[in-house]
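Dumping the structure here so I can ask a few things about it.
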Amino acid sequence: MKFLCVACDEAMKFVEVADTAHGDTFSAVFGCPRCGRRIALLANPWETQLVRSLGVAVGGRTTPHAPFELVRERLANSRLMWTEEAEQRLARIPEFVRPMVRDGVERHARERGYREVTSEVMDEVRSSMGM
Amino acid sequence: MKTYRDIVGDGGSDIAGQVARRQARMRARMAAVASTLAVMSGKGGVGKSAVTANLAAALAMRGHRIGVLDADINGPCMARMLGVEGQALTLGAGGVTPAVGPLGMKVVSMDLLLAPDAAPVEWDAPAPPQPHVWRGAIEAAALQEFFTDTVWGTLDFLLVDLPPGPERFPGLHSLLPRCDGAIVVTIPSGMALLTVKRSIASAHSLKVKLLGVVENMSSYLCPRCGAPQPLFRDEGDAGRQALGASILGRIPFDPRIARCCDQGVPFVLAHRQTQAGRAFMDIAAQVSGLRIAQEEGR
Ligand SMILES: Nc1ncnc2c1ncn2[C@@H]1O[C@H](COP(=O)(O)OP(=O)(O)O)[C@@H](O)[C@H]1O
Ligand SMILES: [Mg+2]
Ligand SMILES: [Zn+2]
């Protein structure tokens, strides 16, 4: 998709994306380099999802690529993924409390909308329990 | 007034560049995979996944480094069949670390990502006007991530278990930088024969090397005399010749195959000396032979 300023017969250039990366709609602003006129492309939730599912971002990517990002973000009933570092930390905890700690950490992460369990998330849980 | 083709670039989004970078990541990952093989079937329930799991194990038993990618997003079963159910995929420096099953087989499957309550795959999506269009797009994107973001390491074979249906293969093929071969699994019934022909045609039209057809449940062993008996009304060799593909092997019906699949133990590893076990080993020998021939031809 490209935008043309009809008055100037000039291709418009991308200026900014107005919505957050995780909202269900997006607005991309384009401007004419000659006359300065601006227009916004407003995508409905369905168009927004379709573009995201193609793994591309209008205006270019602002965040670096994360492994399995689309699956992890879009799968409604997905398991939380742990980083290797966090998993190793968990492995140092005595086996009989490990499932309980795992559940607790995952609950903490889900409540805060985190998409993965990192060592930092474990630190947070630790300090919230006053340990 | 200028038209679409008069304008160079897309005004700064560089969508083409984004796609190119993603494809470059995929190529870089797949460069360490010597052969990518697609396992497909015309119909569901013919034992395609059971054959994939056992062919993978048989190749691993021959000393090959094996990865298995479950491309059946909505009906995943590779984690179960290869005994890695419950293992967690973890995030490492270079991507997602796959589950590791018997004989060091690396496995990525949707069932390793789903919450353990056995709920079906459910995407967070607005109610779209055409849900199937969106579903198709996100499933393709998920597959792309499975290939690209998994730390497969160096593999001799990456086996891809496709969902049933001949129309699935072109979709996979368009994602991959290289597909080195296709295997079609079927049962010897007239109905299945029809859809097998379509699978074969789809491999041919995409110029992918068709390694051959695996005829599953080709017979059962008579519990009284032990002699193989046909399980379906067989269309005979004339029907098979009309396929225009060679038969890689025939796997008899053996209830232990189903039991092993459920228990997550590769049948061929546990029962190598049975008729079915030998058939799997023989197919694996042919597949590794083809690979060596291919390498010499390069
Ligand atoms: N040769 C065989 N003998 C006995 N059971 C088999 C055989 N092949 C497959 N099965 C069983 O048949 C069922 C369907 O097989 P599956 O591999 O899931 O089919 P598909 O992937 O083609 O849908 C499974 O329970 C599997 O264990
Ligand atoms: Mg299957
Ligand atoms: Zn203008």
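By convention in this document, chain letters (A, B, ...) are assigned in the order of the sequence lines, proteins followed by strands, and residues within each chain are numbered from 1.
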Exercise for review: Flag the one option from S53(A), A66(A), P45(A), A28(A) with the top tally of heavy-atom pairs under 4.5 Å to chain B.
Suggested key: S53(A)

Point to revise | Part of R25(B) within contact of chain A (heavy atom distance under 4.5 Å) | key: side chain

Point to revise | Separation between CZ of F30(A) and CG of D10(B), rounded to the nearest 0.5 Å | key: 7.5 Å

Exercise for review: Looking only at non-hydrogen atoms, find the nearest pair between V71(A) and M110(B) and report the distance.
Suggested key: CG1-CE, 4.1 Å

Practice item. Flag the one option from E139(B), Q144(B), E122(B) with the top tally of heavy-atom pairs under 4.5 Å to chain A. Key: E122(B)

Exercise for review: Using non-hydrogen atoms and a 4.5 Å limit, figure out which bit of T148(B) sits close to chain A: side chain, backbone, both or neither.
Suggested key: neither

Point to revise | Over all atoms of both residues, closest heavy-atom pair of R72(A) and L91(B) | key: NH1-CD1, 3.7 Å

Check your understanding: Which residue out of D9(A), T83(A), L4(A) racks up the most heavy-atom pairs below 4.5 Å with chain B?
Key -> D9(A)

Practice item. Please check if atom CD in E116(A) has more than 12 non-hydrogen atoms from other residues, nucleotides or ligands closer than 6.0 Å. Key: yes

**Study point:** CZ/R98(A): more than 12 non-hydrogen atoms of other groups inside 6.0 Å
**Key:** yes

Check your understanding: Is the count of non-hydrogen atoms from other residues, nucleotides or ligands lying under 6.0 Å from R38(A) atom CZ greater than 12?
Key -> no

Revision key, fill the gap. When rounded to the nearest 0.5 Å, the distance separating CD of E73(A) from CH2 of W123(B) is 11.5 Å

**Study point:** Least distance between heavy atoms, M81(A) atom then L89(B) atom
**Key:** CG-O, 3.3 Å

Review point. Picking from L112(B), D6(B), V19(B), T150(B), which has the most non-hydrogen pairs under 4.5 angstrom with chain A?
Key: L112(B)

Point to revise | Contact class of E87(A) relative to chain B, heavy atoms under 4.5 angstrom | key: side chain

Check your understanding: In terms of heavy-atom pairs under 4.5 Å, which option from N77(A), V6(A), T48(A) contacts chain B the most?
Key -> N77(A)

Exercise for review: Could you tell me which portion of A57(A) (side chain, backbone, both or neither) has an atom closer than 4.5 angstrom to a non-hydrogen atom of chain B?
Suggested key: both

Exercise for review: List the atom of I7(B), the atom of K2(A), and the distance in Å for their closest heavy-atom pair.
Suggested key: O-NZ, 2.8 Å

Review point. Where on V108(B) is there a heavy atom nearer than 4.5 Å to chain A: the side chain, the backbone, both, or neither?
Key: side chain

Review point. Are the side chains of D149(B) and H65(A) in touch, meaning some heavy atoms are under 4.5 Å apart?
Key: yes

Exercise for review: Would you mind checking which part of E69(A) comes under 4.5 Å of any heavy atom in chain B, side chain (CB onward), backbone (N, CA, C, O), both or neither?
Suggested key: both

Review point. side-chain contact (heavy atoms from CB on, under 4.5 Å) with L75(A): which of L113(B), I138(B), D124(B)?
Key: L113(B)

Exercise for review: Return the option, out of P33(A), G31(A), G59(A), A11(A), with the maximum number of heavy-atom pairs under 4.5 Å with chain B.
Suggested key: G59(A)

Study note, to complete from the structure: Here the pair of heavy atoms bringing V96(B) nearest to P67(A) is CG2-CB, 3.7 Å

